[in-house]
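Right, one structure below, let's go through it.
Residue numbers begin at 1 in each chain, while the letters A, B, ... track the order of the sequences.
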Amino acid sequence: MEATNNSTISSIRENRIQKLNDLTDKGINPYPYSYDKNISAAELQKKYKELAAGEETTDTYNVAGRVMAIRNTGMFIDLMDPSGKIQIFSHKENLEPDKMAIIKMLDVGDIVGFSGDVRRTPRGELSIKAKDVKLLSKSLLPLPEKFHGLTDVEIRYRQRYVDMIMNPEVRDTFRKRSLIIQKIREYLCAQGFLEVETPMLHVQAGGASARPFETYHNTLDMHMVLRIAPELHLKRLLVGGVSEKLFEMNRNFRNEGIDTRHNPEFTMIELYQAYVDYNDMMVLLENLVSSVAQDVLGTMVIEYQGQKINLTPPWDRKTMLGAIKEFTGIDFNEYLTVEEAAKQAEKLGIEVEENDSWGKILDKIFEERVEPKLVQPVHILDYPRDISPLAKVHRDNPRLTERFETRINGWEISNAFSELTDPIDQRNRFEAQAREKAMGDEEACGIDEDFICALEHGMPPAGGMGIGIDRLVMLLTNSPSIRDVIAFPTMRPRA
RNA sequence: GGGCUCGUAGCGCAGUUGGUAGCGCAGGAGACUCUUAAUCUUUUGGUCGUGGGUUCGAGUCCCACCGGGCCCA
């Protein structure tokens with residue numbers, strides 16, 4: 001990126017490069033190899049919380065971080081590290097002239113190490129009384145304005161590092177994201193789940209309904225796609241018997257639109273447990289999410305954009321047909337043909353397309369009339385068979401499957417099934433999908449012969465579940481856009 | 001894909017009825033030296049997203065395009 005194609009920036013940059021040269025002439029490496037930092041800003045603040053204003057100690061520490069403000073021509077420097085801020089007090093009484101000269105050359109944005117005694121200034125600011133200074137990295141480009149910071153969302157996304165330097169809450173969000181993922185992993189591993197990896201490069205997209213990114217392998221001379229879901233490979237592992245409980249937490253790629261809840265690459269966890277069904281998945285999800293919230297936020301009652309959401313188990317359960325009846329008054333058990341269902345949908349003002357199946361129509365009604373009304377966590381149970389090609393038929397109703405989607409704040413947070421293990425039925429479902437694809441549904445999946453072959457070797461009954469990590473992080477960090485929880489969201493290159 | 005909306009100095013923002021652009025911070029020079037958005041003096045910096053059009057004259061009005069954001073499908 002050409003960041004210097006203007007006069008303000010280039011004059012600042014030239015000025016700083018001159019400083020680089022001056023330092024080098026003095027035998028100082030402006031980009032040295034290491035520094036013996038032995039305390040963080042936050043640790044210092046905590047340790048000397050009781051130190052009174054005007055008090056001095058003889059405790060010496062080495063601190064390091066980024067210069068965020070310089071006052072009184074270098075006498076006071078705000079040094080920021082990931083933990084917080086510590087002030088540097090530099091006075092010629094305590095510093096050799098050559099060290100003082102280095103401090104005079106510092107710019108906001110430089111990364112610097114200081115060594116000195118802890119004191120609290122008469123005005124009450126905990127400080128390091130610098131006795132030594134070491135430039136650790138010279139910055140050449142200026143930071144945004146110190147008071148208003150960086151607010152331009154486009155620059156925040158394109159130059160996330162600047163966003164993170166200027167906005168502490170952004171750093172905090174990404175730390176929380178990391179912690180959430182760590183806690184999920186710990187929770188599942190403690191339950192005996194084995195973390196596995198399956199291919200990102202697929203010959204054929206499967207395991208979800210979505211358009212894939214397409215690519216090409218040169219040596220194999222083969223068209224390939226980036227995976228839209230790991231499901232079919234994880235089930236192969238279940239057939240293989242590596243573990244009766246396994247999960248993969250990683251990226252999926254879907255070649256679809258971008259909005260506040262969708263990024264083309266996103267993080268999902270998929271987990272499978274042998275010998276259980278979707279009922280067990282509901283309990284697992286409730287316990288997992290609520291305990292992660294407790295661990296990360298210290299509470300199971302979160303606030304999202306002004307709305308209180310209670311994650312304390314157990315969560316509400318509604319069947320899909322029951323929820324539709326609740327919010328529209330229409331009982332689709334009485335309208336079992338596509339024609340009847342379409343007529344009811346049209347009465348509700350919902351557009352039905354020519355090839356829409358019974359299940360698809362119900363799904364549309366659900367999305368429009370029910371989903372926006374759901375705020376508190378709720379499992380929506382028993383999805384129609386024709387839109388659930390990987391779920392086992394419902395034991396009590398052959399039109400439905402044992403599938404649930406969990407909604408929190410109306411968003412799909414999880415999608416889980418009593419997994420379809422019958423290879424004959426699976427083939428039939430795939431063939432139905434293939435027919436829809438042939439009729440123009442670009443999201444329908446094709447027939448994965450090797451997957452069916454795996455099922456024909458016998459897959460244990462299992463519950464499986466996918467959980468959208470980004471949306472979970474949005475909820476737990478009160479972030480309004482998925483781009484606030486993905487460090488480098490997909491962007492069109494700047495012209 | 002549709003609607004609304006934004007783009008002016010590195011950043012945060014003004015810019016009147018159409019008359020060739022200002023403020024704050026940052027940067028430079030100097031002063032001060034226990035400050036914390038330090039202060040004071042002084043000063044540099046602009047292809048007003050891009051390209052057309054209307055006009056004597058466009059940051060401003062019109063059109064197209066580029067790049068964002070929000071909402072909808």
query = B:A38, B:U35, B:G27: which one has an atom nearest the side-chain heavy atoms of A:Gln87?
reply = B:U35
B:A31 to B:C56 separation - C1' atoms, rounded to the nearest Å = 50 Å
Contact under 4.0 Å: A:Asn15 side-chain N or O vs B:G28 OP1/OP2 = yes
ask   = Who are the side chain to side chain donor-acceptor pair (under 3.5 Å) partners of A:Asn355, not counting sequence neighbours?
value = none
ask   = P atom, B:C70 versus B:C65: distance in rounded Å?
value = 22 Å
task = Test for a donor-acceptor pair under 3.5 Å between the base of B:C34 and the side chain of A:Arg119, counting only N and O atoms.
result = yes
Side-chain donor/acceptor of A:Thr73 to base of B:C32, under 3.5 Å = yes
task = Write down the distance between CD1 (A:Ile12) and P (B:A9), rounded to a whole number of angstrom.
result = 14 Å
note = Any strand, both distances under 3.5 Å, Watson-Crick or G-U wobble: B:U60 pairs with none
note = Taking a pair to mean Watson-Crick or G-U wobble geometry with both distances below 3.5 Å, B:U47 pairs with none
ask   = For B:U35, does OP1 or OP2 lie under 4.0 Å from any side-chain N or O of A:Arg71?
value = no
inquiry  = With ring pair (Phe, Tyr, Trp, His ring centres under 6.0 Å) as the rule and sequence neighbours excluded, what pairs involving residues 34-87 of chain A come up?
reply    = A:Phe76-A:Phe89
task = Please identify each residue that fulfils ring pair (Phe, Tyr, Trp, His ring centres under 6.0 Å) with A:Phe253, with sequence neighbours left out.
result = none
request  = Pick base, sugar-phosphate or nothing for A:Thr151, based on heavy-atom distances below 4.0 Å to the nucleic acid.
outcome  = sugar-phosphate
remark   = A:Arg123 atom CZ is separated from B:A38 atom C1', nearest whole Å, by 9 Å
Pairwise C1' distance for B:G19 and B:C61, with rounding to whole Å = 15 Å
query = By side chain to side chain contact (heavy atoms under 4.5 Å, CB included), which residues pair with A:Glu367, not counting sequence neighbours?
reply = A:Asp363, A:Glu371
message = Using only modelled atom types and a 3.5 angstrom limit, is any donor from either the side chain of A:Glu125 or the base of B:U35 paired with an acceptor on the other?
response = no
Using a cutoff of under 3.5 Å, can you pull out all pairs of nitrogen or oxygen atoms linking the protein to nucleotides 68-73 of chain B, with atom names and distances?
from	atom 1	to	atom 2	distance (Å)
B:G68	OP1	A:Arg158	NH2	3.2
B:G68	OP1	A:Arg492	N	2.7
B:G68	OP1	A:Arg492	O	2.9
B:G68	O5'	A:Arg158	NH2	3.2
B:G68	O4'	A:Glu154	OE1	3.3
B:G69	OP1	A:Arg483	NH1	3.1
B:C70	OP2	A:Arg483	NH1	3.1

key: Same-atom distance (P) from B:A38 to B:G28, integer angstrom   = 15 Å
task = Could you tell me which nucleotide pairs with B:U20 by Watson-Crick or G-U wobble geometry, both distances under 3.5 Å, or answer none if nothing does?
result = none
key: Set of side chain to side chain contact (heavy atoms under 4.5 Å, CB included) partners for A:Glu326, sequence neighbours left out   = A:Lys318
inquiry  = Work out how far the P atom of B:U43 is from that of B:G24, and round it to whole angstrom.
reply    = 12 Å
note = Taken in chain and number order and not counting sequence neighbours, the residues that satisfy salt bridge (charged side-chain N to carboxylate O under 4.0 Å, His left out) with A:Asp117 are A:Lys131
message = Using salt bridge (Lys or Arg N to Asp or Glu O under 4.0 Å), reason through A:Asp22 and A:Lys26 one step at a time and then give a plain yes or no.
response = CA-CA 6 Å; A:Asp22 293 350; A:Lys26 290 183 182 177; over 6 Å; no
inquiry  = When both hydrogen-bonding distances must be under 3.5 Å and the geometry is Watson-Crick or G-U wobble, what is B:G1 paired with, if anything?
reply    = B:C72
key: With A:Phe404 via ring pair (Phe, Tyr, Trp, His ring centres under 6.0 Å) - residues at least two apart   = A:His379
query = What integer distance in Å separates A:Arg16:CZ from B:G10:P?
reply = 14 Å
Nearest-Å distance once atom C1' is located in both B:U8 and B:C13 = 10 Å
request  = Considering only atom C1', compute the distance from B:C40 to B:U35 and round it to an integer number of Å.
outcome  = 15 Å
key: Contact nearer the 5' end of RNA chain B, comparing A:Lys19 with A:Lys85   = A:Lys19
query = Can you check whether A:Phe266 reaches A:Asn252 side chain to side chain, under 4.5 Å on heavy atoms?
reply = yes
ask   = So what's B:A31 paired with, Watson-Crick or G-U wobble, going by both distances under 3.5 Å?
value = B:U39
key: Rounded distance in Å - CD (A:Glu14) to P (B:G10)   = 14 Å
message = Looking at A:Glu353 and A:Lys364, is any side-chain nitrogen of the basic one under 4.0 Å from a carboxylate oxygen of the acidic one?
response = yes
ask   = When rounded to the nearest Å, what value does the distance between C1' atoms of B:A29 and B:G22 take?
value = 23 Å
query = Any cation-pi pair here, A:Arg160 with A:Phe488, using under 6.0 Å and within 45°?
reply = no
Protein-nucleotides 42-45 of chain B N/O pairs closer than 3.5 Å?
from	atom 1	to	atom 2	distance (Å)
B:G45	O3'	A:Ser7	OG	2.6
B:G45	O2'	A:Ser7	OG	2.8
B:G45	O2'	A:Thr8	N	3.4
B:G45	O2'	A:Thr8	OG1	2.5

Between P of B:A26 and NZ of A:Lys146, the distance in whole Å = 4 Å
ask   = To the nearest Å, how far apart are A:Phe76 CZ and B:U33 P?
value = 13 Å
query = Rounded to whole angstrom units, what separation is found between the CG atom of A:Leu150 and the C1' atom of B:G10?
reply = 11 Å
task = Under the ring pair (Phe, Tyr, Trp, His ring centres under 6.0 Å) rule, collect the residues that match up with A:Tyr157, sequence neighbours excluded.
result = none
task = Look at A:Arg16 together with A:Asp107 and state whether they make a salt bridge at an N to O cut-off of under 4.0 Å.
result = yes
ask   = Where along residues 90-116 of chain A does a heavy atom come under 4.0 Å from RNA chain B, residue by residue in number order?
value = none
Syn-anti status, with the boundary at 90° from 0, for the nucleotide B:U44 = anti
query = In chain order, what residues pass the ring pair (Phe, Tyr, Trp, His ring centres under 6.0 Å) check against A:His202, with sequence neighbours excluded?
reply = A:His233
request  = Using whole Å, report how far CD1 of A:Ile77 lies from P of B:C34.
outcome  = 16 Å
